[in-house]
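To keep things clear, I will list the structure first and then write my remarks on it.
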4 protein chains.
Amino acid sequence: MGGVDGDAGSGGEAYSRGRIDKRQAIVRAAFDVFARDGYAQASVDAIAAAAGVAKPTIYNHFGAKENLFRVVMADVGRRATAATLEVLGAFPAEPDDLRAELTQLGRRLTTCFADPVSTSLRRLLHAEIVRFPDLLDEVRAGAATPVIDALAGPLARLATAGHLQLSDPIRASNQFIALIGDELPALTALGTRPAPPEQIDAVVTAGVDTFLRAFGTADNSPALGDPDPHAATTSHPT
Amino acid sequence: MGGVDGDAGSGGEAYSRGRIDKRQAIVRAAFDVFARDGYAQASVDAIAAAAGVAKPTIYNHFGAKENLFRVVMADVGRRATAATLEVLGAFPAEPDDLRAELTQLGRRLTTCFADPVSTSLRRLLHAEIVRFPDLLDEVRAGAATPVIDALAGPLARLATAGHLQLSDPIRASNQFIALIGDELPALTALGTRPAPPEQIDAVVTAGVDTFLRAFGTADNSPALGDPDPHAATTSHPT
Amino acid sequence: MGGVDGDAGSGGEAYSRGRIDKRQAIVRAAFDVFARDGYAQASVDAIAAAAGVAKPTIYNHFGAKENLFRVVMADVGRRATAATLEVLGAFPAEPDDLRAELTQLGRRLTTCFADPVSTSLRRLLHAEIVRFPDLLDEVRAGAATPVIDALAGPLARLATAGHLQLSDPIRASNQFIALIGDELPALTALGTRPAPPEQIDAVVTAGVDTFLRAFGTADNSPALGDPDPHAATTSHPT
Amino acid sequence: MGGVDGDAGSGGEAYSRGRIDKRQAIVRAAFDVFARDGYAQASVDAIAAAAGVAKPTIYNHFGAKENLFRVVMADVGRRATAATLEVLGAFPAEPDDLRAELTQLGRRLTTCFADPVSTSLRRLLHAEIVRFPDLLDEVRAGAATPVIDALAGPLARLATAGHLQLSDPIRASNQFIALIGDELPALTALGTRPAPPEQIDAVVTAGVDTFLRAFGTADNSPALGDPDPHAATTSHPT
DNA sequence: GATGAATGAGTATTCATTCAT
DNA sequence: TATGAATGAATACTCATTCAT
């Protein structure tokens, strides 16, 4: 029941391994339960059961449900950011085909954003920000800001190299993210349903096209007309 | 403690008036409490107290907490949509200064999106979509889709009139919303903090500029360079 | 289980009777359980079971365990005081045989002091005074002070009438209580075991004798020698 | 947090010394915690922390909380009795000024009775006698009986020597204790508040006076009237 | 229709105790 | 011997819901 992959069975090498394993098991199980039930409805009993530990073990490790929640959120935030940053890190410094590269980047980013970890984190943040106002900053410190910055860097380099025409890379970074990702919540029912990949692709392609219309230079192959004029694939925000 | 008698003594205009008043009072109070505490943590006791009615009265009207929640969400969704549609309805059919009109539209829309009703609805949807998967469709049917459509219409007209160059008005509508609104959650801490108006203005201005760079025609006053190159006002998504 | 006499079955006359009955039942049952288990170990579950009500009913009436405890203690304090005051009120204004009257008073008082209600109150006060420092004053205000005063009055009158020779009736009142009652805790194992009446009698008789030796006048029949010189009946304080 | 290592590094005088030290440390700490929180509410965790040992160490030494409690109570009972017996042992065999000597004895005894160790013991006995009915006998065997006896001896000698006129020294011993000490609980809030020394003195003086009125002979300086007729200092029993 | 009162089921948290080290 | 870690059992308190009035 519950339980993520968990490399628990790796054999008991060190003494303290059990401790760490249990702590990790609790954090993973807690995320699953929190994501499913929300903070308030997630019972510590359910978390303990999912983690395969006794309830007091959770209290020994985390002291209180709230603490556990914070640890889980920070952990998940870190994981989600890492995945996104890895994608951004793979963006080539000097792309051959800028449109193609941006499109691939957009696809990969949407995959990150649509990932269960990412969407659950999103939902939990929205759900609990009133109760835990500081949570947002804690998670975002290691989550959103670096992502925008990590995209702004390459964009600035592309501008310097003459491949893009923009003066505020941070803003352009935000706008790129907005153009390719803003429809995701609507398409995926806030991350609870997988979206048809071709719909996402259409959004990304259109987003990249608009981005290049706005910021591209002559060397970007001009997308004549709209690249994918299927109105049917359009979605609506939430 | 518990159960004020409310406006019982207000004299009997119509017999059924008190009934309707109480129902409305409950729905309004319930929204406040749900917005503050979330669905699970919102106690029917608290709602009854806030509405100035006895607990069983709530059950007489709505049967169960879940029903009340659905009614509240539908009601709020309707209110939020109405406000947004009103803003969109005010968009002139034949604008003099397209950039100015789009900017004003963007400002008004961001005001709608940042409204407590709207942001609370957003948070509650995120929070409860797992428990109530159908809620999204119920609310969106009367909320998001019409908004995009209501913007797509004018955009299409502008394209026909030669003021914009776009082939998929629905998609452009989505992108306009994305460009002006995607940073709002980050700027307002998911709607829990008021954002400095000048930051929002900067985002809107930049969004409109990018939109016009991408879709504008010669008759839109060309924004030479970036109109508001203050990187400081840039924010990050969530 | 448990449950004091409880005139519950007196038939449902008034509407609100059930409410009062339940409240009383809870208070009585709570006293039994508190007396048996102490404050901390007395579970609200046990009290509810003993009172024949559901647990939340207790919380509806008293809010918290601590509150219930305070109410119970005040109630018991009142009852214990009332019983003692009644005994003192029966002391004749102009006794024929002072020694006999004092002895009877002493016997009755010791009966009061050894009563389960009184001894349980005593034990609970000792047990919880650290946790509830104000409890003592609350209970004593209506408990001990009036008792001493109620005895001091008659003593003063007897002194005025020439039957006793004392100048500080309050102090004499305290001393009378001390002489007849100080051994009670030792004799009754702090009120947990019934003491042989003859042992109590012996203490009372000896106490009255000492009291009259100290404060009596010629018209008190002199107790020649010690009236009951059985060392065996002597006990020890705690 | 949790488990200091204590004075572990103090160098090994005797091997078993640390053991004994730890045992003693546990007993002392346990008394403090029991006195503060009561038996049921005193957590073994708190005791371990106060003693500077790990929780299992307590179980290694005492097996169970109940055992520890018994050991602590016996220990404290022994200490309290020893202090009282020491005071009684200092009572002169052939006093010059009986009234003065008795008064000093009374003062010293009240000091013993009001000592934190003594009052805490008292409170714990009252609190736990229902749960541990045998505790009283265990503690009293080494506590109360010897005290009465130790006072009865000198009183008997004084009677034999003609300084007192009494036939039952045990009873007189009890009564002396009652007269000087019965108000102590009321004056000290069951030992939780220090009583104004002059109030205690007044009680002792008055108690000794009454005692001598009852049992004194011509060679005790007659206290004409009451020695300290300040009604204000009078207190009330509990 | 509205309500005061009652309740069955459930929640977070704590504690005495034990095991493996 | 001493301890870090783990646990089964229990506890105060809350909540959505119902019933009698």
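In the text below, chain A, chain B and the rest are named by the order of the sequence lines, each starting its count at 1.
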Given E:dA2, F:dT7, F:dC15, the nucleotide with the shortest approach to the side chain of A:T57
F:dT7
Give C:A46 one of three labels, base, sugar-phosphate or nothing, depending on what nucleic acid heavy atoms sit under 4.0 Å from its own.
nothing
Does C:K22 put a side-chain nitrogen or oxygen below 4.0 Å from OP1 or OP2 of E:dT7?
yes
Once you round it to whole Å, what is the distance between P of F:dA10 and CG of C:D45?
11 Å
Using only side-chain N and O atoms of B:H61, determine if any of them is under 4.0 Å from OP1 or OP2 of E:dA2.
yes
Nearest nucleotide by nearest heavy atom, which residue falls closer to the 5' end of DNA chain E, D:E66 or A:A64?
A:A64
Carboxylate-amine/guanidinium contact B:D37 A:R131, below 4.0 Å:
no
What does the 5'-to-3' dot-bracket notation of DNA chain F look like when only Watson-Crick and G-U wobble pairs under 3.5 Å count, and pairs to other strands show as |?
.||||||||||||||||||||
Euclidean distance, atom CD1 of residue B:I47 to atom P of F:dT14 [Å, nearest integer]
17 Å
Least distance between heavy atoms, D:L124 atom then D:Y39 atom:
CD2-N, 4.3 Å
Atom CG of A:L68 to atom C1' of E:dT13: distance rounded to whole Å?
14 Å
For atom OH of B:Y59 and atom C1' of E:dG1, their distance in whole Å:
17 Å
Atom-to-atom span, NZ of B:K55 to C1' of F:dC15 - whole angstrom
7 Å
Starting from C1' on F:dA2, measure out to CG on D:D21 and report it in whole angstrom.
15 Å
Heavy atoms under 4.0 Å, any strand shown: does B:A42 hit a base, just sugar-phosphate, or nothing?
sugar-phosphate
Mark yes or no for a side-chain to base donor-acceptor pair under 3.5 Å between C:N60 and E:dA5, with no hydrogen or angle criteria applied.
no
What is the distance from CD1 of D:I58 to C1' of F:dG4, rounded to the nearest Å?
15 Å
Name the atoms and distances for all side-chain donor-acceptor pairs under 3.5 Å in residues 47-55 of chain A, with sequence neighbours left out.
| unit_1 | atom_1 | unit_2 | atom_2 | d |
| --- | --- | --- | --- | --- |
| A:K55 | NZ | A:D45 | OD1 | 3.4 |
| A:K55 | NZ | A:D45 | OD2 | 3.3 |

Answer yes if the ring centres of A:F62 and A:F69 are under 6.0 angstrom apart, and no otherwise.
no
Quick check: on DNA chain E, is the nucleotide nearest D:P56 upstream (toward 5') of the one nearest D:Q41, or the reverse? Name the residue that is more 5'.
D:Q41
Nearest-0.5 Å distance, CG of residue C:L68 to CG of residue C:D75:
10.5 Å
How long is the line joining NZ of A:K65 and C1' of F:dT14, in whole Å?
13 Å
